[in-house]
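Residue numbers start at 1 and run along the sequence shown. Only a predicted model underlies this, so the values are computations on that prediction, with no experimental measurement involved.
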Amino acid sequence: LPPKLDGMLTDECWESARPLDHSSVRTRITYDEDYIYLALQTHASNLKADTAGSASSESNRDHDLSTSDRIQLRIDTDRDLLTAMELQISGSGRTHDAIDGNARWQPTWYLDTHRETSLVTMEVAIDRRDITEHPVTPGASWFISPQILTGGGSNSLTVIPDPRRWVRVLFQ
């Protein structure tokens, strides 16, 4: 069963999703025929509250998040470290999606966040067809690169990819 997107990892699917701890972000991934589901968690101190406004107050999801702390998740389905889809989510749920910085990529995705005193949790559902045309099958693998980007910091793309920033996801 798919998770209820409420920013709480109480759904049965998250119990069997092995957590990946990388770069201050704990990531869990599960899937069904139509969606890839992601759970992203970090300590609240890593993601300052976003003072620019709430996601519900604006309809545009491709916000300029350069001044906000945010989680960035990059997904490389062919594992070549050259091209990656990236999702960025601020503490208030404002978002930006792109492929290597190009914001013309407009995937269908849904999100909810939950902030506790010590932990921020984000649950995301992405239409699988917007990531890969092929069904995800057990044994398939991708690379992901979750990280915290700080507001106002330099977050430019590097020409030569750093493999230490990536972790392999093996689908069960």
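Val120 and Trp14 are not part of a single hydrophobic cluster, where members link through side-chain heavy atoms under 4.5 Å apart. Note on Leu119 and Met8: separate hydrophobic clusters, where clusters join Ile, Leu, Val, Met, Phe, Trp and Tyr whose side-chain heavy atoms are under 4.5 Å apart, directly or indirectly. Residues Leu87 and Val136 fall within the same hydrophobic cluster, defined by Ile, Leu, Val, Met, Phe, Trp and Tyr side chains chained together at heavy-atom separations under 4.5 Å. Note on Leu20: it clusters hydrophobically with Leu38, by side-chain heavy-atom contacts below 4.5 Å among ILVMFWY residues. Val167 and Ile126 fall within the same hydrophobic cluster, where Ile, Leu, Val, Met, Phe, Trp and Tyr residues are linked whenever their side-chain heavy atoms come under 4.5 Å apart, directly or through other members.
Other residues, nucleotides and ligands place more than 12 heavy atoms under 6.0 Å from the CZ atom of Arg129. The neighbour count for Glu12 CD, taken as heavy atoms of other residues, nucleotides or ligands under 6.0 Å away, does not exceed 12.
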### Task
Determine, step by step, whether His43 and Ser24 satisfy the side chain to side chain contact (heavy atoms under 4.5 Å, CB included) criterion, reporting the C-alpha distance in whole Å, the side-chain angles of both residues, the deciding distance to 0.1 Å, and the verdict.
CA-CA 8 Å; His43 293 285; Ser24 304; over 6 Å; no
### Message
Tyr110 vs Tyr35, test: side chain to side chain contact (heavy atoms under 4.5 Å, CB included). Steps then yes/no.
### Response
CA-CA 10 Å; Tyr110 306 95; Tyr35 285 91; 3.6 Å; yes
### Task
Check the pair Leu111 / Met122 against side chain to side chain contact (heavy atoms under 4.5 Å, CB included), numbers first and verdict last.
CA-CA 7 Å; Leu111 160 76; Met122 301 174 176; 4.2 Å; yes
### Task
Might you work through the side-chain hydrogen bond (donor to acceptor under 3.5 Å, both in side chains) test for Trp142 and Asp76, ending with a clear yes or no?
CA-CA 6 Å; Trp142 297 350; Asp76 184 350; over 6 Å; no
### Task
Show the numbers, then the answer: is there a side chain to side chain contact (heavy atoms under 4.5 Å, CB included) between Trp166 and His22?
CA-CA 8 Å; Trp166 295 87; His22 190 70; 5.8 Å; no
### Task
Give the C-alpha distance, both sets of side-chain angles, the deciding distance and a yes or no for salt bridge (Lys or Arg N to Asp or Glu O under 4.0 Å) between Asp112 and Lys4.
CA-CA 9 Å; Asp112 200 0; Lys4 176 183 177 189; over 6 Å; no
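Between the side chain of Thr42 and the main chain of Asn46, no donor-acceptor pair closer than 3.5 Å is present. With hydrogens and angles ignored, the 3.5 Å screen pairs a side-chain donor or acceptor of Ser145 with a backbone N or O of Arg165. Using modelled atom types, no side-chain atom of His96 and backbone atom of Ile89 make a donor-acceptor pair closer than 3.5 Å. A distance-only check finds no donor-acceptor pair linking the side chain of Ser68 to the backbone of Arg70 [under 3.5 Å]. Using modelled atom types, no side-chain atom of Arg26 and backbone atom of Leu40 make a donor-acceptor pair closer than 3.5 Å. Under the 3.5 Å distance criterion, the side-chain polar atoms of Asp62 are matched with a main-chain donor or acceptor of Asp97. For Arg115 (side chain) and Thr121 (main-chain N/O), no donor-acceptor pair under 3.5 Å exists by modelled atom type.
With rounding to the nearest 0.5 Å, the separation of CD1 in Ile144 from CD1 in Ile29 is 4.0 Å. We find the NE2-CG distance between His114 and Asp6 to be 8.5 Å, quoted to the nearest 0.5 Å. Taking CZ from Phe171 and OG1 from Thr137, the interatomic distance works out to 9.5 Å, rounded to the nearest 0.5 Å. The distance from atom CD of Glu133 to atom OG1 of Thr77, rounded to the nearest 0.5 Å, is 10.0 Å. To the nearest 0.5 Å, atom OG of residue Ser66 and atom CD of residue Gln88 are 9.5 Å apart. Atom CD1 of Ile75 sits about 13.5 Å away from atom OG1 of Thr83, to the nearest 0.5 Å.
Nearest heavy atoms, Ile131 versus Ile36: CD1-CG1, 4.1 Å. Of all non-hydrogen atoms in Gly151 and Asp69, the two that sit nearest each other are N-OD1, 2.8 Å. Between Pro3 and Glu123 the shortest heavy-atom distance is CB-OE2, 3.7 Å. Scanning all heavy atoms of the two residues, the minimum distance from Leu47 to Ile71 falls at CD1-N, 3.9 Å. Shortest non-hydrogen contact noted between Leu81 and Phe143 is CD2-CD1, 3.5 Å. The minimum heavy-atom distance linking Thr117 with Ala44 is given by the pair O-CB, 3.5 Å.
The shortest distance between side-chain heavy atoms of Val25 and Gln147 does not fall below 4.5 Å. Using a 4.5 Å cut-off on side-chain heavy atoms (C-beta onward), Asp100 and Arg74 make contact.
A salt bridge is absent between Arg128 and Asp32; no separation between the charged side-chain nitrogens and carboxylate oxygens falls under 4.0 Å.
Gln106 and Asp130 are not linked by any side-chain donor-acceptor pair at a separation below 3.5 angstrom, with hydrogens and angles left out of the test. Side chains of Asp11 and Tyr37: no donor on one and acceptor on the other come within 3.5 Å. Side-chain contact check for Glu86 and Trp105: no donor-acceptor pair (N or O, by modelled atom type) lies under 3.5 Å. There is no side-chain donor-acceptor pair under 3.5 Å between Gln172 and Arg18.
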